[in-house]
Novice: 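Handing you a structure now.
Just so you know, residue 1 is the first one in the sequence shown, and it goes up from there.
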Amino acid sequence: MPNYYFKEVWTPLRWVHIWFYRDDQDRLWVKVGAKRRRLVGKQGIEAERETETDA
């Protein structure tokens, strides 16, 4: 499993226990309550692969 370095992105949603993070590849992650962080949408490498196959 890869290691990620996260930086918290401040939003008012933090007050209701929803946190957003950016990893070292500038992808957006979300953490809701005590659950694990999840990658938001198709970003980063997956999106780049789709644009290469469409061209």
Side-chain angles (χ1 to χ4, degrees):
M1 187 163 186
N3 293 325
Y4 294 105
Y5 295 99
F6 292 100
K7 180 177 180 182
E8 185 176 349
V9 177
W10 192 91
T11 64
L13 290 173
R14 182 174 186 221
W15 297 331
V16 291
H17 302 283
I18 300 173
W19 292 274
F20 289 96
Y21 297 91
R22 288 267 177 202
D23 67 2
D24 49 351
Q25 296 176 353
D26 205 38
R27 296 182 295 178
L28 186 64
W29 296 72
V30 65
K31 179 174 171 57
V32 179
K35 295 183 180 179
R36 294 182 178 185
R37 291 180 184 129
R38 296 178 308 176
L39 188 59
V40 176
K42 291 183 179 180
Q43 299 177 355
I45 297 171
E46 294 87 11
E48 290 176 7
R49 287 183 186 158
E50 288 183 5
T51 56
E52 289 176 0
T53 56
D54 291 342

Novice: What distance separates Asp23 CG from Leu39 CG, expressed to the nearest 0.5 Å?
Specialist: 7.5 Å

Novice: Are Trp29 and Phe20 close enough that their ring centers fall under 6.0 Å?
Specialist: no

Novice: Which heavy atom in Thr11 sits nearest to a heavy atom in Ile18, and how many Å separate them?
Specialist: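 So the two residues come closest at OG1-O, 4.4 Å.
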
Novice: Go through it in stages, so that I can follow the logic: the residues are Tyr21 and Lys7, the test is side-chain contact (heavy atoms from CB on, under 4.5 Å), and I'd like the CA-CA distance, side-chain angles, deciding distance and then a yes or no.
Specialist: CA-CA 5 Å; Tyr21 297 91; Lys7 180 177 180 182; over 6 Å; no

Novice: Please lay out, stage by stage, how Arg22 and Glu8 fare under the test salt bridge (charged side-chain N to carboxylate O under 4.0 Å, His left out).
Specialist: CA-CA 6 Å; Arg22 288 267 177 202; Glu8 185 176 349; over 6 Å; no

Novice: Look up atom NZ in Lys35 and atom CZ in Arg38, then write down how far apart they are to the nearest 0.5 Å.
Specialist: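 Lys35 atom NZ to Arg38 atom CZ measures 7.0 Å (nearest 0.5 Å).
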
Novice: Name all residues meeting the side-chain hydrogen bond (donor to acceptor under 3.5 Å, both in side chains) criterion together with Arg37; count only those two or more places apart in sequence or in a different chain, and write none if there are none.
Specialist: none

Novice: When Ile, Leu, Val, Met, Phe, Trp and Tyr are grouped by side-chain heavy atoms lying under 4.5 Å apart, directly or through other members, which residues fall in the same group as Trp15?
Specialist: Trp10

Novice: To the nearest 0.5 Å, what is the distance between CZ on Arg27 and CZ on Phe6?
Specialist: 8.5 Å

